[in-house]
Protein chains: 2
Amino acid sequence: MPDSAYGDIRKLDLFAQMADENFTGLMRGAYVQNFPSQIELITEGDPSDFLHVLVSGAVDLFSTWNGRETSMATIRPISTFILAATVKDAPYLMSARTLEKSRVALIPSQDVRAAFDLDGNFARAIVTELAQCYRSVIKSQKDLKLRTSLERLANYLLRQQRHAGGGSVFELEFEKRRLASVLGMTPENLSRAFKGLQPYGVTVAGTRITIEDHNELKRFAKPNRLIDDHQS
Amino acid sequence: MPDSAYGDIRKLDLFAQMADENFTGLMRGAYVQNFPSQIELITEGDPSDFLHVLVSGAVDLFSTWNGRETSMATIRPISTFILAATVKDAPYLMSARTLEKSRVALIPSQDVRAAFDLDGNFARAIVTELAQCYRSVIKSQKDLKLRTSLERLANYLLRQQRHAGGGSVFELEFEKRRLASVLGMTPENLSRAFKGLQPYGVTVAGTRITIEDHNELKRFAKPNRLIDDHQS
DNA sequence: CGCAGCCTTGACAAATGTCAACAAACGTGG
DNA sequence: CCACGTTTGTTGACATTTGTCAAGGCTGCG
């Protein structure tokens with residue numbers, strides 16, 4: 001594995017506190033691979049042979065059933081995905097595909113489980129990471145069950161605005177058809193939802209969003225820290 | 001803490017492999033309490049001072065936003081809840097209320113985190129439990145995003161039928177208004193959904209469900225192990 | 001008995017999805 | 001740099017799904 005990726009991975013919360021020898025041992029069986037855009041890295045139902053670490057690029061986690069498909073999450077560097085499947089030695093529940101040219105480190109799942117037994121700090125980090133993932137999905141579940149699509153979009157825009165620095169003009173982080181899928185609606189519905197937010201001062205030009213009056217949108221969206229805050 | 005509850009808790013996957021002294025230490029600060037039905041045990045947003053273990057009875061985990069409420073899960077003995085909040089020392093994301101007279105063991109969260117550091121087997125068990133919880137929510141998320149309410153009900157009935165032993169007649173495990181909330185719909189919609197399944201051989205009398213032709217319903221529901229199987 | 005809560009039903013409204021058409025944006029190869 | 005085709009986004013018309021409100025029935029319990 002190249003030194004650059006090695007150092008980046010080492011800095012991840014998941015690995016930062018590991019003993020040197022355990023981390024080195026874990027990396028011995030690992031390798032880094034480059035993928036072009038739109039490559040399916042893993043397929044739901046397959047056995048979880050590797051823990052994946054996204055070093056650069058972007059990855060979409062999605063699921064299908066009965067001919068339908070929905071986007072569950074987007075992974076950005078540097079972070080791991082499908083940790084739960086690795087830990088449980090169970091089949092992937094989601095598929096993953098690259099959204100752009102990406103570098104991915106692959107760590108054999110059995111090595112991860114072995115390192116977990118050897119290294120208390122690593123075990124602790126895994127627990128924290130899993131708890132974090134769990135809480136994220138719960139928030140997303142609340143978003144889906146308690147809000148209409150218009151409310152979900154409004155809150156998404158507020159989150160994205162904050163994430164982009166808080167300015168009144170910012171860019172969407174991915175294409176609208178996928179945003180629609182993430183928010184649990186069709187692209188057509190998303191188009192109309194953007195129009196539905198015009199009365200609250202939201203204007204759209206391509207991927208560029210302008211929020212004229214933050215507080216006006218907030219009054220409509222009613223963001224909640226137990227759904228919309230990424231920490232806590 | 002009474003010996004009976006002590007032994008039951010000890011048998012939980014989460015605690016079964018712990019060293020005796022660590023388990024005893026953990027239980028020293030714990031206590032068991034009896035609650036009548038319809039008591040709110042925890043409120044979302046509160047700090048997670050205790051890990052809860054349901055010893056007997058039943059508990060509903062639910063969330064609210066903007067005057068709306070939705071049921072996220074039902075806890076049956078013997079199992080823990082809000083483990084993730086305890087681990088992360090973060091506020092509860094869900095509220096919990098008893099559905100019937102219940103016995104709950106309360107273990108101080110800081111003791112749990114301390115025991116985690118001391119006992120590798122306990123740490124492993126927590127990871128497994130969290131991974132399990134995570135995967136359950138993901139399955140539920142897929143159910144919500146990929147299926148219509150009629151399909152969700154059909155698959156729920158198949159799961160419940162299997163859970164009840166597989167016979168063609170079985171009982172719903174909770175009242176319909178809460179089932180509706182779990183499935184992400186209104187009680188009125190659930191009523192109509194039951195009628196919508198009549199063509200597939202489903203009949204309802206109170207909480208008693210009859211599935212005349214299992215395969216007929218299955219053809220409609222298209223159950224999938226990556227959504228509907230509780231293991232894997 | 002009478003009340004309260006749950007369930008069901010009907011009529012209606014709102015939200016969301018589908019299909020088709022077209023416009024806009026993008027990438028590729030000339 | 002342009003021409004072309006492909007993909008994505010938008011819009012309208014419409015269908016379906018889901019929610020809302022109101023009324024009435026059923027059940028369980030004091």
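Letters go in sequence order (proteins before strands), and every chain restarts at 1. Quick caveat: nothing in here was measured; it's all calculated off a predicted structure. Hydrogens, waters and symmetry mates play no part in the numbers below; they use all other heavy atoms, side chains included.
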Report the C-alpha separation of A/Arg208 and A/Thr203 in whole Å, then their side-chain angles, then the decisive distance to 0.1 Å, and conclude whether the side chain to side chain donor-acceptor pair (under 3.5 Å) test is met.
-> CA-CA 8 Å; A/Arg208 165 160 279 130; A/Thr203 51; over 6 Å; no
OP1 or OP2 of D/dT10 under 4.0 Å from side-chain N/O of A/Lys195 | no
Nearest to the side chain of A/Arg192, which nucleotide is it out of D/dG12, D/dG19, D/dG9?
-> D/dG12
Starting from C1' on D/dT10, measure out to CD on A/Gln198 and report it in whole angstrom.
-> 13 Å
Let me know the distance between CD of B/Glu188 and C1' of D/dT20, rounded to the nearest Å.
-> 7 Å
Regarding the side chain of A/Lys176, the nearest nucleotide among C/dC7, D/dG9, D/dG19 is D/dG9
Counting only heavy atoms not in A/His163, do more than 12 fall under 6.0 Å of its NE2?
-> no
Nearest listed nucleotide, side chain of B/Met185, among D/dG19, C/dG10, C/dT18 | D/dG19
Quick check: are there more than 12 heavy atoms from other residues, nucleotides or ligands sitting under 6.0 Å from NZ of A/Lys218?
-> no
Quick one: A/Asn189 CG to D/dA15 P, roughly how many Å, whole number?
-> 18 Å
Between atom CZ in A/Arg208 and atom P in D/dG9, what is the gap in whole Å?
-> 17 Å
Verify the contact: side-chain N or O of A/Thr148 to OP1 or OP2 of C/dA15, cut-off strictly under 4.0 Å; return yes or no.
-> no
Greater than 12 external heavy atoms within 6.0 Å of B/Asp13's CG | no
Checking A/Trp65 side chain against B/Ile227 main chain: does a donor-acceptor pair fall under 3.5 Å?
-> no
Options C/dT8, C/dC7, D/dT18, nucleotide nearest the side-chain atoms of B/Ser191 | C/dT8
Round to a whole Å and report the spacing from CZ of A/Arg177 to P of C/dG17.
-> 14 Å
Taken to the nearest whole Å, CD/B/Glu175 to P/C/dA4 is 18 Å
Give a yes/no answer on whether the side chain of A/Thr186 brings an N or O atom under 4.0 Å of OP1 or OP2 in C/dG17.
-> yes
Find the distance B/Glu151:CD to C/dG17:P and express it as a whole number of Å.
-> 13 Å
In whole Å, what is the span from the NZ atom of A/Lys101 to the P atom of C/dG27?
-> 16 Å
